[in-house]
Number of protein chains: 2
Amino acid sequence: MTELLIPDVNRVNCPSRVILEHVTSRWGVLVLAALLERSYRFSELRRHVGGVSEKMLAQTLQALERDGFVLRDAKPVIPPRVDYALTPLGEEAAGQVSSLARWVERRVPDVQAARAAYDEAKA
Amino acid sequence: MTELLIPDVNRVNCPSRVILEHVTSRWGVLVLAALLERSYRFSELRRHVGGVSEKMLAQTLQALERDGFVLRDAKPVIPPRVDYALTPLGEEAAGQVSSLARWVERRVPDVQAARAAYDEAKA
DNA sequence: CTGCATCCTAAATGATACTG
DNA sequence: CAGTATCATTTAGGATGCAG
């Protein structure tokens, strides 16, 4: 019989894992959370998300765009102006990762306390 | 004046980013989601989460334990038996990542359609 | 300004062998 | 069984230069 209870995401090489990794990637999370507030231009986003390189930002945005989470709007002007915004699908994803990010920020003290206890128990 | 509107997570080397990366890491997500259902033994978890190596599972569990998300219960028997379970803090985190994972699974068809459209538009 | 292409380094991950 | 240690490999990431 088939094991219907095992989620797809626990299988190797399944499509959902790849998507999940785009959404939860180091820069993917931060980009989605930023775009949830408003749309951003490329270099604006680069300044907003601290520490992201040009290369990684472009790469992250392309993956999110291809997955249908982000909409790229390149205006035919000189100098180039490209705006990035969330699609409706992207808003759903961004809502969840942003909520998670905010939860983590609230729990930083708890985690730091847990680490202190863990490290002391080791010593 | 200080920019109070910029979340901590957008800053480089902030504590919340590190925590977020533990929680959203490739194996962290899957381990948390698994432990949300029930507690697991080490090798049981290894079989449940497809493709995870022994080394990465141990490393992931240690990071989650140190952060206060996972409780490790090593029973003094031979052969060794170690159970892993979520702490209350871990349950909160796991609830969110698991919800995200399930959302992604439901949206796989939408993403695949978006990719097909994207790839075709390129060609 | 918004990228892409290239090269290079650092970090994550995997495979294997080994220990209590 | 539940890991640790080591080595090899893969991948992520950063720096730079250049084009539209």
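Predicted model only: the values in this text are computed from it and were never measured. Proteins get letters first, then strands, A, B, ... in listed order; numbering begins at 1 in each.
Counting heavy atoms from C-beta outward, R41(B) and V82(B) have side chains that stay 4.5 Å or more apart. T87(B) is not listed as a side-chain neighbour of V70(B), based on a closest heavy-atom distance of 4.5 Å or more.
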Candidate pair D8(A) and S16(A), rule side chain to side chain donor-acceptor pair (under 3.5 Å), full reasoning: CA-CA 7 Å; D8(A) 184 48; S16(A) 52; 2.9 Å; yes
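Following rounding to the nearest Å, Q62(B) (CD) and dA2(D) (C1') show an atom-to-atom distance of 11 Å. Atom CD1 in I78(A) sits about 12 Å away from atom P in dG20(D), given to the nearest Å. Look at CG on L30(B): it is 15 Å from C1' on dT13(C), rounded to the nearest Å. Here the C1' atom of nucleotide dC1(C) and the CG atom of L45(A) are 14 Å apart, to the nearest Å. Atom P of nucleotide dG3(D) and atom CD of E44(B) are separated by 13 Å, given to the nearest angstrom. Summarising the geometry, the separation between CZ on F42(B) and P on dG20(C) is reported as 18 Å, rounded to the nearest angstrom. Atom OH of Y40(A) is separated from atom P of dC1(C) by 17 Å (rounded to the nearest Å). One atom, CD of E65(B), and another, P of dA2(D), lie 15 Å apart when rounded to the nearest Å.
By the 4.0 Å N-to-carboxylate-O rule, R66(A) lies close enough to D119(B) to be salt-bridged with it.
For the OP1/OP2 pair of dT2(C) and a distance below 4.0 Å, the side-chain nitrogens and oxygens of R72(A) include no atom meeting the criterion. Note on Y84(A): a side-chain N or O is less than 4.0 Å away from OP1 or OP2 of dG3(C).
The residue among S25(B) and R47(A) whose nearest nucleotide of DNA chain C lies closer to the 5′ end is R47(A). When each of A58(B) and R41(B) is assigned the nucleotide of DNA chain D with its nearest heavy atom, R41(B) is the one assigned upstream, toward the 5' end.
At a threshold of 4.0 angstrom between heavy atoms, the contacts of R46(A) with the nucleic acid are absent. Using a 4.0 Å heavy-atom distance criterion, P80(B) is classed as a base contact.
Residue-environment remark: CG (N13(A)) stays at or below the threshold of 12 foreign heavy atoms within 6.0 Å.
Here the closest non-hydrogen pair linking Y84(B) and L35(B) is O-CD2, 3.4 Å.
Separating the CZ atom in R115(A) from the CD1 atom in I19(B) is a distance of 5.0 Å, to the nearest 0.5 Å.
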Under 4.0 Å protein heavy-atom contacts per nucleotide of nucleotides 7-18 of chain D, with B for base, S for backbone only and - for none: B-----BBB-B-
